[in-house]
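Throughout, numbering of the chain's residues begins at 1 and tracks the sequence. Every heavy atom of this structure was used, including side-chain atoms; hydrogens, water molecules and symmetry mates were not. Order of listing sets the numbers, starting from 1, for every ligand and every atom in it.
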Amino acid sequence: MCFHCKRELKEGEAFKTYKNRIYCHDDFVQLFAPKCRSCHQPVENEAVSAMDGKLEGKWHMACFNCQICHEPFPDNTFYVFDHQPYCKKHYHLLNNSLCSRCHEGIENLCALTAEGWRFHPSCFTCEVCQQRLGDTYYVFENRIYCEEHIQRQLGKNNQNNSHSNNSQLLDKRRTQIYNMQSNKA
Ligand SMILES: [Zn+2]
Ligand SMILES: [Zn+2]
Ligand SMILES: [Zn+2]
Ligand SMILES: [Zn+2]
Ligand SMILES: [Zn+2]
């Protein structure tokens, strides 16, 4: 008799024992098999687990995919955020590490502005001349300029407003360049 559902087991029916108690197969799986971290159903066969220790737990083969878009991982590369696997795009979305210019994920060097905008260093350029900016930049109406082009932007803007003073408006800011740690597995 199954300890859980109290059903008499048929002759030849598969059963499992746990702590000297007998369970029918279905109950044993429900009660004791590891649960899939995605769908929370028991995982019997075809369990996937990440071997590198970055992710704990098990998944059904079909459930081990990006937990947002549910696309499988090409070449088995995935990213870990908050103990769940994600594709590159959704990892960077969650991690707030998408480039403000090209909208691709930033791995390695990242330019962070005072506004909290992040860029690939190669995407961190003046709106006008596309020249790469270093550790200082200028902001005008949420756009980023080099020193020469912020002067021109302010010049244009001040033609209608002769009372304002260029040097007061010159909004010089500092960039932070740092190394993004990505949880690529
Ligand atoms: Zn049972
Ligand atoms: Zn599952
Ligand atoms: Zn995804
Ligand atoms: Zn970029
Ligand atoms: Zn420029």
Side-chain angles (χ1 to χ4, degrees), residues 1-33 35-39 41-42 44 48 50 54-55 59-135 137 139 142-146 175-185:
M1 190 174 78
C2 169
F3 182 79
H4 189 72
C5 66
K6 313 293 183 206
R7 182 166 67 75
E8 287 300 332
L9 297 170
K10 291 184 218 86
E11 226 185 291
E13 183 179 339
F15 65 91
K16 296 270 204 286
T17 52
Y18 183 77
K19 291 189 174 168
N20 290 326
R21 288 163 179 170
I22 289 174
Y23 294 87
C24 68
H25 179 82
D26 288 352
D27 284 337
F28 180 83
V29 166
Q30 279 298 334
L31 293 168
F32 306 116
K35 303 294 185 293
C36 173
R37 296 255 340 263
S38 181
C39 70
Q41 294 303 306
E44 273 187 274
V48 175
K54 280 190 177 178
L55 265 181
W59 282 260
H60 295 111
M61 204 94 99
C63 294
F64 193 74
N65 50 32
C66 171
Q67 300 298 293
I68 291 180
C69 66
H70 298 291
E71 289 293 323
F73 302 117
D75 59 43
N76 284 326
T77 302
F78 60 91
Y79 293 75
V80 177
F81 188 85
D82 201 15
H83 309 293
Q84 292 284 0
Y86 295 97
C87 70
K88 184 173 179 175
K89 183 174 133 200
H90 288 117
Y91 166 76
H92 284 292
L93 191 71
L94 290 167
N95 195 45
N96 193 21
S97 47
L98 287 172
C99 174
S100 297
R101 178 79 31 95
C102 71
H103 307 292
E104 291 288 325
I106 303 169
E107 293 170 15
N108 308 318
L109 284 185
C110 171
L112 174 67
T113 70
E115 295 77 14
W117 302 331
R118 288 173 172 82
F119 297 86
H120 296 107
S122 59
C123 292
F124 187 54
T125 55
C126 168
E127 287 276 343
V128 179
C129 64
Q130 310 301 322
Q131 182 188 292
R132 267 173 77 158
L133 300 168
D135 58 358
Y137 66 101
V139 173
N142 285 334
R143 290 176 185 275
I144 287 169
Y145 299 96
C146 68
T175 324
Q176 230 183 301
I177 308 271
Y178 69 98
N179 209 340
M180 272 278 177
Q181 295 283 341
S182 79
N183 274 321
K184 193 171 175 176

**Prompt:** If the Zn ion (ligand 4) is the vertex, what is the angle to SG of Cys99 and ND1 of His120, rounded to 10 degrees?
**Reply:**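 Value returned, to the nearest 10°, is 100°.
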Output for pair (Arg132 CZ, Phe119 CZ), nearest 0.5 Å, gives 13.0 Å
Cys24 SG to Asp27 OD2 via the Zn ion (ligand 1), rounded to 10°, gives 100°
task = Check whether any N, O or S atom of Cys87, backbone or side chain, sits closer than 2.8 Å to the Zn ion (ligand 3).
result =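 So Cys87 does bind the Zn ion (ligand 3) by this criterion.
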Below 2.8 Å, can you find an N, O or S atom of His4 next to the Zn ion (ligand 1)?
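Under 2.8 Å: His4 has no N, O or S contact with the Zn ion (ligand 1).
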- Can you check whether Phe28 and Phe15 have ring centres sitting under 6.0 Å from each other?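 Between Phe15 and Phe28, which both carry aromatic rings, the centre distance is not below 6.0 Å.
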### Query
Is the NZ or CZ atom of Lys6 positioned over Phe3's six-membered ring, under 6.0 angstrom from the centre and within 45° of the axis?
yes
- Query: Should Glu13 and Arg7 count as an ion pair when the cut-off is N to O under 4.0 Å?
  - Reply: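 Between Arg7 and Glu13 there is a salt bridge, with a charged N closer than 4.0 Å to a carboxylate O.
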query: Going by an N to O cut-off under 4.0 Å, is there a salt bridge joining Arg101 and Glu127?
result: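 So Arg101 pairs with Glu127 through a salt bridge.
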**Prompt:** Roughly, to 10 degrees, what angle do His90 atom ND1 and Cys66 atom SG form around the Zn ion (ligand 3)?
**Reply:**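 Value returned, to the nearest 10°, is 110°.
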